[in-house]
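Accompanying notes for the structure given below.
Order of the sequence lines sets the chain letters (A, B, ...), proteins ahead of strands, with each chain counted from 1. Computed from a prediction, not measured in an experiment: that's the story for all the values here.
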Amino acid sequence: MMAPEKRTRKAVKREDMEYQASLESPASSDKEDVAVDMSPRGNGKVKEPCRVCGDEVSGFHYGVRTCEGCKAFFRRTIQKGKEYTCRANQECPVERLGKARTQRCCFCRFQQCVAVGMKIEAVRQDRARGCPSASGSRSRSGVDGSDGSDAEQEPAETKPKRVRQAVVNTRGATRKAPTKAPRGAAPDTASSSNGANEIDDSGFQKFTSLMPRIPRLVQQMKSTVPAESPWKESLITVLREETAKPGAAPLEVICNVLDKKVYSFVEWARDSSFFDSLDYEDQKKLLQFGWNSFLMFDIIYHLSASEISDHFELPNSGKLRMTELAALGLSSNSAAIQEVVESVRKLNMNRGDYLNVKMILLLNPFVPGLVKMRPIRYAYEKCQEDLKAESTTNHADLPGRFANVMKLVTEVRKFADEGEHFLYTRARQDGYLDDTLLLEMIEMKRES
DNA sequence: GCTCAAGGCCAT
DNA sequence: ATGGCCTTGAGC
């Protein structure tokens, strides 16, 4: 049953690493950098310099071949949420000199880590050890960006197959866009039976023709994101509709609003020709794993831009706080969400950044079990590049801005997973999720 | 059973 | 705080 997804995690991860390395290694080729180490420990194996500091590489760490020191430094920085400042001009040398554990400028070292492509999102929130993929029972946060909670496992068999189809087929955009081909019987899905090598075999031809078009298609997809004021109006409309229902509890209102938002999210994604060109199963996975952080960040950004106020008056039952809606109902996270709002403000994030972050949250190549990951990864990296370019060219006054935005992405994912867990345990119990697309999305993710 | 990339431990 | 070494656990 889980066999088809088995390859995938490690092989795809590996492929991702190599792809990343190929992108990140600028002028100097790998071959130029390496030397054969004939020392007893080196055992005649290839020795190469850490991409951050030039020390001896000990393996792939967070997506890049680095030494043990930079690996530990990077992990500590993320896990402990450290923030550094540079006492000089942010161009300090980060090379390791000899074997001495000399103090290096942490700011510049971390900047270098991010610059060579070390992935902040690969540092796990849950501190679980071992292989990052964690298929089998359930997935974890971190690389795969999935549910980091220790929620109980729902037996997959309890859910009818019908629902499996429902998420995108019946209730999603295809309903409104019948011209889209039914892809259940498409030849590319047939190849997933052995779960191996789809990317290089059936997917390759399609991918190579799609690849040059991806930046434009992604741009197109971004351009269909509603502008600030229509976004605000549609949220207010939904809120009015839901709060008008007599006797609606605040959490019920939140669930209903989220359900409608999830519905439009699915429709929006499926209406994009880029998203539509992705493998059908992958589309479903991206939607299932991305909706929570996507909607959360949506509200966070608009709160930061002061497009909406934090308080919304309910006709019958007091006030609804927008931070609580953003927290997916988990009010204990409201304060943390408010802090993220402040961070977005401090980072001076503009609409371009907002669109890039949204795409990064949706087009997450670390979602477990993706069949044809390449176009997703390419688009994801394109958005990261855009984000980085914006930070370096227009926000020189905010050192480390790009890395901080990516940290926010990780935080939003974590809060979104917590919120989703809350919805699944609490709101479902109260019956607020009955017959909602929201519940289907949550359940399907848990089944996968 | 081996490999690899996670996190942890602890002498420095 | 650092980084070398250890443990862990999924994938093969």
Legend entry - Arg446(A)/Glu443(A) ion pair, N-O < 4.0 Å: no

Inset, instruction - Would you state whether a donor and an acceptor, one from the side chain of Lys71(A) and one from the base of dG7(B), lie under 3.5 Å apart? - result: yes

Legend entry - Donor-acceptor pair between Glu390(A) and Asn350(A) side chains, under 3.5 angstrom: yes

Legend entry - All pairs passing salt bridge (Lys or Arg N to Asp or Glu O under 4.0 Å) where residues 394-410 of chain A contributes a residue, at least two apart: Asp353(A)-Arg401(A)

Write out a two-atom table: protein N or O, nucleotide N or O from nucleotides 1-3 of chain C, distance below 3.5 Å.
| unit_1 | atom_1 | unit_2 | atom_2 | d |
| --- | --- | --- | --- | --- |
| dT2(C) | O2 | Arg101(A) | NH1 | 2.4 |
| dG3(C) | OP1 | Arg104(A) | NH2 | 2.4 |
| dG3(C) | OP2 | Arg104(A) | NH2 | 3.3 |
| dG3(C) | OP2 | Arg109(A) | NH1 | 3.0 |
| dG3(C) | OP2 | Arg109(A) | NH2 | 2.7 |
| dG3(C) | O4' | Arg101(A) | NE | 3.3 |
| dG3(C) | N7 | Arg76(A) | NH1 | 3.0 |

Inset, instruction - Determine, for Phe297(A) and Lys358(A), whether the Lys NZ or Arg CZ falls below 6.0 Å from the six-membered ring centre while staying within 45 degrees of the axis. - result: no

Legend entry - Partner residues of Asp282(A) under the side-chain hydrogen bond (donor to acceptor under 3.5 Å, both in side chains) criterion, sequence neighbours left out: none

Legend entry - d(CD, Glu56(A); C1', dG4(C)) in whole Å: 11 Å

Inset, instruction - Rounded to the nearest angstrom, tell me the gap between atom NE2 in His61(A) and atom C1' in dC5(C). - result: 12 Å

